[in-house]
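These notes concern the structure reproduced below.
Atom set for the values below is all heavy atoms of this structure, side chains included, hydrogens, waters and symmetry mates excluded. Residue numbers start from 1 in every chain, and the chains themselves are labelled A, B, ... in the order their sequence lines are given, proteins ahead of strands. Quick caveat, the model's predicted, so the values are computed rather than measured.
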Amino acid sequence: MFKAKLESAKEFKKVVDTMATLLDEICLQVNEEGVRAAAMDPSHVALLSLNIPRIAFEDYQADEHEIGIELEAFKKIMNRAKAKDKLILELDEERNRLNVIFENQGKRKFSLSLLDLSGATTKVPELEYHNVITIKGDALKEALKDADLISDHVIMRASPYEFKIEAKGDLNDFTAEFSSEDDAIISIEGEEEVKSAFNLEYLLDMVKGVSKGDIVKLYLGNDMPLKMEYSLAGCELMFLLAPRIEE
Amino acid sequence: KKKQLTLDAFF
């Protein structure tokens with residue numbers, strides 16, 4: 001069986017929105033410890049991994065199951081979440097459906113037909129990073145939106161004391177600079193200077209669910225994938241984004 | 001010329 005209750009359907013909507021911008025479908029691996037999932041986008045440029053430990057749920061009961069979900073349909077349902085709605089996710093094994101229930105003044109129940117995605121699990125590569133930037137989510141998001149006016153990609157640079165996002169257009173440039181003294185920065189770790197270039201459309205999709213108060217961790221290397229981590233209402237999201245390189 | 005890599009290169 002699988003039955004799990006989340007305090008805020010609206011908060012979980014942000015998680016589903018973020019998954020749906022990058023992925024078409026995802027296979028949730030549920031067990032007594034919580035819910036996990038990992039998948040690459042169709043072009044294999046980005047990877048998203050989700051971990052919701054059982055402590056993030058108000059109620060949680062689960063045996064081992066793989067629950068394959070079509071994300072566009074799930075997103076449409078989650079868009080109906082209202083403030084103060086609780087969310088119950090419940091596996092109906094007989095009908096092979098995931099019941100998505102909004103609980104508030106009554107119960108509104110959608111039954112989402114499941115996909116057979118068994119065996120489609122994605123392994124997450126273990127990459128080693130020396131530079132880690134912990135930054136306020138809104139500052140990062142605004143800098144990426146600024147850069148989007150200038151170019152379709154950015155260069156991220158990190159040194160022991162500084163983090164920069166640069167965009168170069170044909171005529172105009174943009175640079176966001178954050179030093180370890182700035183309010184936006186929680187910490188900058190790393191002993192060397194590194195830089196990698198990334199596609200902006202993917203970056204903007206990855207920070208879609210981030211709002212004021214969220215803290216984002218960035219792991220950077222030289223022409224290495226960007227690793228990004230943040231939590232939304234106890235749901236831990238991790239992304240990898242492959243770099244663009246000079247040929 | 002810039003080239004977009006895929007994650008497969010890092011597995």
Can you tell me which portion of [X] sits under 4.5 Å from chain B's heavy atoms? Options are side chain, backbone, both or neither.
| X | value |
| --- | --- |
| A:Ala197 | side chain |
| A:Leu127 | side chain |
| A:Asp41 | neither |

* **Inter-residue atom distance A:Leu47.CG - B:Asp8.CG, 0.5 Å rounding** =>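 Answer for the CG-CG pair, A:Leu47 versus B:Asp8, is 10.5 Å.
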* Asked: At what distance, to the nearest 0.5 angstrom, does CE of A:Met40 lie from CZ of B:Phe11?
  ->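 Answer for the CE-CZ pair, A:Met40 versus B:Phe11, is 4.0 Å.
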* **Residue pair B:Lys2 / A:Glu247, side-chain heavy-atom distance below 4.5 Å** =>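 Counting from C-beta outward, B:Lys2 and A:Glu247 never come under 4.5 Å.
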* Could you check if a side-chain atom of A:Pro125 sits within less than 4.5 angstrom of a side-chain atom of B:Leu7, using non-hydrogen atoms only? =>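 Not touching, per the 4.5 Å side-chain cut-off.
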* At their closest point, which heavy atom of A:Ala242 faces which heavy atom of B:Thr6, and how far apart are they? ->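 Heavy-atom minimum between the residues: CB-C, 3.7 Å.
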* Asked: Got more than 12 heavy atoms from elsewhere within 6.0 Å of CD, A:Glu192?
  ->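 Check passes, neighbour count above 12.
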